[in-house]
Protein chains: 2
Amino acid sequence: MRLKKKERQDILIKTIEENPFITDEELSKNLCVSIQTIRLDRLELAIPEVRERIKNVASQSYDDSVRTLALEEIIGEIIDINLDQSAISIFEVANEHVFKRSLIARGHYLFAQANSLCVALINAETALTARANVQYIRPVKINERVVAKAKVLEKENTKGRTIVEVESYVGNDLVFLGEFQMHRSN
Amino acid sequence: MRLKKKERQDILIKTIEENPFITDEELSKNLCVSIQTIRLDRLELAIPEVRERIKNVASQSYDDSVRTLALEEIIGEIIDINLDQSAISIFEVANEHVFKRSLIARGHYLFAQANSLCVALINAETALTARANVQYIRPVKINERVVAKAKVLEKENTKGRTIVEVESYVGNDLVFLGEFQMHRSN
DNA sequence: ACTACTACTAGTATCTGGTCTTAAAAATGG
DNA sequence: CCATTTTTAAGACCAGATACTAGTAGTAGT
């Protein structure tokens, strides 16, 4: 019966994972054991009670709403930056970034990574994008890591714009190329 | 005493709104009334108990994780579409889309609206962006409604690419201009 | 001053979904 | 067959409520 217990607990974990709102009573019915067994299992597996689980989901989403905004600020994680010179960011393509059918990243995410890298790069009160010219060289798939490298070509051209070139790679493959004209104020 | 009641209930609403995790007991201490009064107030105002409120927050975030994905599919709401010809979408600039300091929309959202409109416009199994050339004419502020109009200029050029022009307006002002080269497969 | 009414408080029974503890029954391994 | 593990049962208790009954304080109208 040891296997059976292990098996049940595995199912228990998965069930709760995919539906944290389930009560012990429902679980006991699903798994055809007494409610006490479920509680022993939760005790062994250190799984909190329904209300705690729900509270966790809720408070996590509360934090997330902040985190989401913060994430949207900059698409990709900036790992190196030399103001007005160069910068590098990494962006991991997850399932929310891809077309469901093809699992290829939506173009605007690569754009967003490059664009927000340019914004971060500009050493000014506010930096706005004036123009952008981008090329998608190779489709980027889910789970790939895109490394974007930005380089300032002209710090201030005749129109007062900063020209930034961005090259994005997956491994050694160049996947995206962009030239951004940034406007700086103050 | 009528004013006092109204006032208390206003505070109650706000308190619960900003912290749905608060119990009746805590509320009663905060507002210096009995726990029964709080419960009468909740009854009058049709505010559910803590556990229900927490559950709502949790399940909302559960739905949201799906909804977020769906939303990210297409930035902006498509209101008119003629496959391989033209399309229109509306995008309302909210606080999660703007720079906190200037309240100006981040460039990649306007790009995303235009780009996803182009993707939707293409009558093919999958449509990928090959190149894009965009201009930001005028900064877009928070709460403004951006109307993007896409028009197919060339259905299939020599390279088999579809050329789409997008003009985005806020009222009568042209704020964004883009030309997208789309790649179609199957 | 008496009455009617609103606002508030208090208390009890009940519910849900648990915890914690003790203990007995059932299954299993050797 | 016996020891151990696993499962079930039973009882007391808790948080955070609902639902209901009842009583009190203050205010307004006549």
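Numbers restart at 1 for each chain; the letters A, B, ... are given by sequence-line order, proteins then strands. Computed from a predicted structure; not experimentally measured.
Using the Watson-Crick or G-U wobble rule with both distances under 3.5 Å, C:dA23 pairs with D:dT8.
For CD of B:Glu25, the number of neighbouring non-hydrogen atoms (other residues, nucleotides, ligands) closer than 6.0 Å is 12 at most.
Across the protein-nucleic acid pair, A:Asp24 atom CG and C:dG17 atom P stand 10 Å apart, rounded to whole Å. In this structure, A:Ile47 places its CD1 atom 12 Å from P of C:dG18, rounding to the nearest Å. At whole-Å resolution of the value, CD in B:Glu52 and C1' in D:dA15 are 15 Å apart. The nearest whole Å value for the distance from the CD1 atom in B:Ile22 to the P atom in D:dG16 is 12 Å. The CD-P distance, from A:Gln9 to D:dT5, rounds to 15 Å in whole Å. Rounded to an integer number of Å, the gap from B:Lys55 NZ to D:dA15 P is 20 Å. To the nearest angstrom, P of C:dT28 lies 14 Å from NZ of A:Lys5. Between A:Ile54 atom CD1 and C:dT16 atom P there is a gap of 15 Å when expressed in whole angstrom units.
Between the side chains of A:Ser102 and B:Thr126, no donor-acceptor pair of N or O atoms lies under 3.5 Å.
For the segment residues 31-44 of chain A, the set of residues with a heavy atom within less than 4.0 Å of an atom of DNA chain C comprises A:Arg39, A:Arg42, in numerical order.
For A:Arg51, no side-chain nitrogen or oxygen approaches OP1 or OP2 of C:dT16 to under 4.0 Å.
A salt bridge (Lys or Arg N to Asp or Glu O under 4.0 Å) check over residues 169-180 of chain A, counting only residues at least two apart or in different chains, returns the pairs A:Arg138-A:Asp173.
Using cut-offs of 30° and 60° for the angle between ring planes, the A:Tyr109 and A:His97 rings count as perpendicular. A tilted orientation is assigned to the rings of A:Phe180 and A:Phe111, their planes being inclined by 30° to 60°.
A salt bridge links A:Lys5 with A:Glu44: at least one charged nitrogen is closer than 4.0 Å to a carboxylate oxygen.
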